[in-house]
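Below, read A as the first sequence line, B as the second, and so on, with proteins coming before strands; counting in each chain starts at 1. A quick note: this is a predicted structure, and the numbers were derived from the prediction, not measured.
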Number of protein chains: 2
Amino acid sequence: MADEHDHQSCPMDSLLRLLMGSWTTYILWLLGSEGTLRFGQLKALMPKISSKVLTERLRHLERAGLVHRDYRPTIPPAVSYSLTERAHELREVLQGLNEIALRWQKEDEQRALSA
Amino acid sequence: MADEHDHQSCPMDSLLRLLMGSWTTYILWLLGSEGTLRFGQLKALMPKISSKVLTERLRHLERAGLVHRDYRPTIPPAVSYSLTERAHELREVLQGLNEIALRWQKEDEQRALSA
DNA sequence: CTGTATCCGCGTGGATACTG
DNA sequence: CAGTATCCACGCGGATACAG
């Protein structure tokens, strides 16, 4: 990475870029805790997201191989989404990140109180 | 996190948001591998960054407690930046993220070749 | 039900010029 | 040397409407 001066093409950076899209980590969290979910269920769990953005995020996650899309051409069509093995690997690391973030938050609150 | 429906206020999300600012991870990487650096040295190592953006990123990192700013009011002034203990904790997790990103990249290339 | 198609407003990054 | 001050352009997220 030290020799990669173009941050656009750094693998970790594009991964971060993907995760940073709004709603993205929340989608991963929902699919991880609730299991397989249909498009409409996901949308219902995120009342304020628009169809456009939800589709967008899911497509990106799919391209990155983090989410599996199952399309059943019934009428009306049924589409369900689930996490792939990759996503589960990621969840472990993200869990570490989350623990750090929470710990720091507490530390900051402590320092704010004693100040 | 499951009960945190507002992604704006999720600690991990704001941490991701910070890391995602362009150049951010690269700044952390440079300070980690090169050690303490002065403003001008950092800028020289990132030829395409503007003073404005570099200052911006450093201020954010400073507020998050990831970077220490040392200001010497000499004439001309000398300002140097270094990583804090927090940043080193973060580097471990980021290292994990980087390994995953690299591995996936290789896997994807493999699949692209065999297709 | 599961999306596309548009349009729009805002934030963010980048370029340039200037300062203590 | 180490920034600040502007200005601009672009992309992204959000809202709305519509379609297979």
Side-chain angles (χ1 to χ4, degrees), chain A residues 5-10 13-28 30-31 34 36-64 67-82, chain B residues 5-10 13-28 30-31 34 36-64 67-82:
Chain A
H5 288 227
D6 185 357
H7 58 293
Q8 309 296 346
S9 56
C10 171
D13 225 73
S14 39
L15 180 52
L16 280 172
R17 216 165 283 278
L18 169 67
L19 293 177
M20 249 303 302
S22 57
W23 303 105
T24 307
T25 54
Y26 192 46
I27 292 173
L28 290 177
L30 286 176
L31 289 177
E34 309 280 329
T36 300
L37 288 175
R38 297 183 52 177
F39 185 87
Q41 293 178 303
L42 265 174
K43 196 156 169 4
L45 289 167
M46 296 180 284
K48 302 200 231 174
I49 200 175
S50 68
S51 299
K52 175 198 164 192
V53 174
L54 179 53
T55 306
E56 212 172 66
R57 287 295 101 85
L58 288 170
R59 292 289 180 278
H60 284 144
L61 290 170
E62 200 188 351
R63 260 186 274 150
V67 156
H68 173 70
R69 179 172 186 267
D70 184 37
Y71 174 74
R72 304 289 167 88
T74 53
I75 295 179
V79 182
S80 54
Y81 294 91
S82 54
Chain B
H5 288 227
D6 184 358
H7 58 294
Q8 308 295 347
S9 55
C10 171
D13 225 74
S14 39
L15 181 51
L16 279 174
R17 215 165 283 277
L18 169 67
L19 293 178
M20 250 303 303
S22 58
W23 304 104
T24 308
T25 54
Y26 191 48
I27 292 173
L28 290 177
L30 286 176
L31 289 177
E34 308 279 329
T36 300
L37 288 174
R38 296 183 53 177
F39 185 87
Q41 293 179 304
L42 266 173
K43 195 157 170 4
L45 289 167
M46 295 179 284
K48 302 200 230 174
I49 200 175
S50 68
S51 298
K52 175 197 165 192
V53 174
L54 178 52
T55 307
E56 213 173 66
R57 288 293 99 85
L58 287 170
R59 293 288 182 280
H60 284 144
L61 290 171
E62 201 188 347
R63 260 187 273 150
V67 156
H68 173 70
R69 179 173 186 267
D70 183 37
Y71 173 74
R72 301 291 166 89
T74 53
I75 296 178
V79 182
S80 54
Y81 295 90
S82 54

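The CD atom of A:Gln41 sits 10.0 Å away from the CG atom of A:Leu31 when rounded to the nearest 0.5 Å.
The CD1 atom of B:Ile75 sits 11 Å away from the C1' atom of D:dC1 (whole-angstrom rounding). Taking atom CG of B:Leu58 as the reference point, atom C1' of D:dA2 lies 11 Å away to the nearest angstrom. Distance, B:Phe39 CZ to C:dT19 P: 18 Å, rounded to whole Å. Between the P atom of C:dG14 and the CD1 atom of B:Ile49 lies a distance of 7 Å, rounded to the nearest Å. Rounding to whole angstrom units, NZ of residue B:Lys43 and C1' of D:dC1 are separated by 12 Å. Across the protein-nucleic acid pair, A:Leu54 atom CG and C:dG3 atom P stand 8 Å apart, rounded to whole Å. Atoms CE (B:Met46) and P (C:dA15) sit 14 Å apart, rounded to a whole Å. A:Lys48 has its NZ atom 12 Å from the C1' atom of D:dG14, to the nearest Å.
Side-chain N/O atoms of A:Arg17 include none lying less than 4.0 angstrom from OP1 or OP2 on D:dC12. Taking only side-chain nitrogens and oxygens, A:Trp23 comes nearer than 4.0 Å to OP1 or OP2 of D:dG14. Considering only side-chain N and O atoms, A:Arg57 lies nowhere under 4.0 angstrom from the phosphate OP1 or OP2 of D:dC12. Look at B:Tyr71 and you won't find any side-chain N or O under 4.0 angstrom from OP1 or OP2 of C:dG20. Considering only side-chain N and O atoms, B:Arg38 lies under 4.0 angstrom from the phosphate OP1 or OP2 of D:dA2.
Taking for each of B:Gly21 and B:Pro77 the nucleotide of DNA chain C with the nearest heavy atom, the 5'-most of the two is the partner of B:Gly21.
A donor-acceptor contact under 3.5 Å links the side chain of A:Lys52 to the base of D:dG14.
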**Study point:** Worked verdict on B:Leu42 versus B:Leu58 for side-chain contact (heavy atoms from CB on, under 4.5 Å)
**Key:** CA-CA 10 Å; B:Leu42 266 173; B:Leu58 287 170; 4.1 Å; yes
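For A:Thr55, the side-chain atoms get nearest to C:dT4 when compared with the rest of D:dA2, D:dG14, C:dT4. For A:Pro76, the listed nucleotide lying nearest its side chain is C:dC1; candidates were C:dA15, C:dC1, D:dG14. The side chain of A:Val79 has C:dT2 as its nearest neighbour among C:dT2, D:dG3, D:dA15. For B:Glu56, whose side chain is taken as the heavy atoms from C-beta onward, the closest listed nucleotide among D:dA15, C:dG13, D:dG3 is C:dG13.
No side-chain donor-acceptor contact under 3.5 Å links A:Arg69 to the backbone of A:Val79.
Within 4.0 Å of A:Arg59, counting heavy atoms only, lie sugar-phosphate atoms of the nucleic acid but no base atom. A:Arg72 comes within contact range of no nucleotide atom at all, as no heavy-atom separation falls under 4.0 Å.
Looking at A:Arg57 and A:His60, their side chains come closer than 4.5 Å, going by heavy atoms from C-beta outward.
Looking at every heavy atom in both residues, A:Leu19 comes nearest to A:Thr25 through O-CG2, 3.7 Å. The two residues A:Met46 and A:Leu54 come nearest to each other via the heavy atoms CE-CD1, 3.8 Å.
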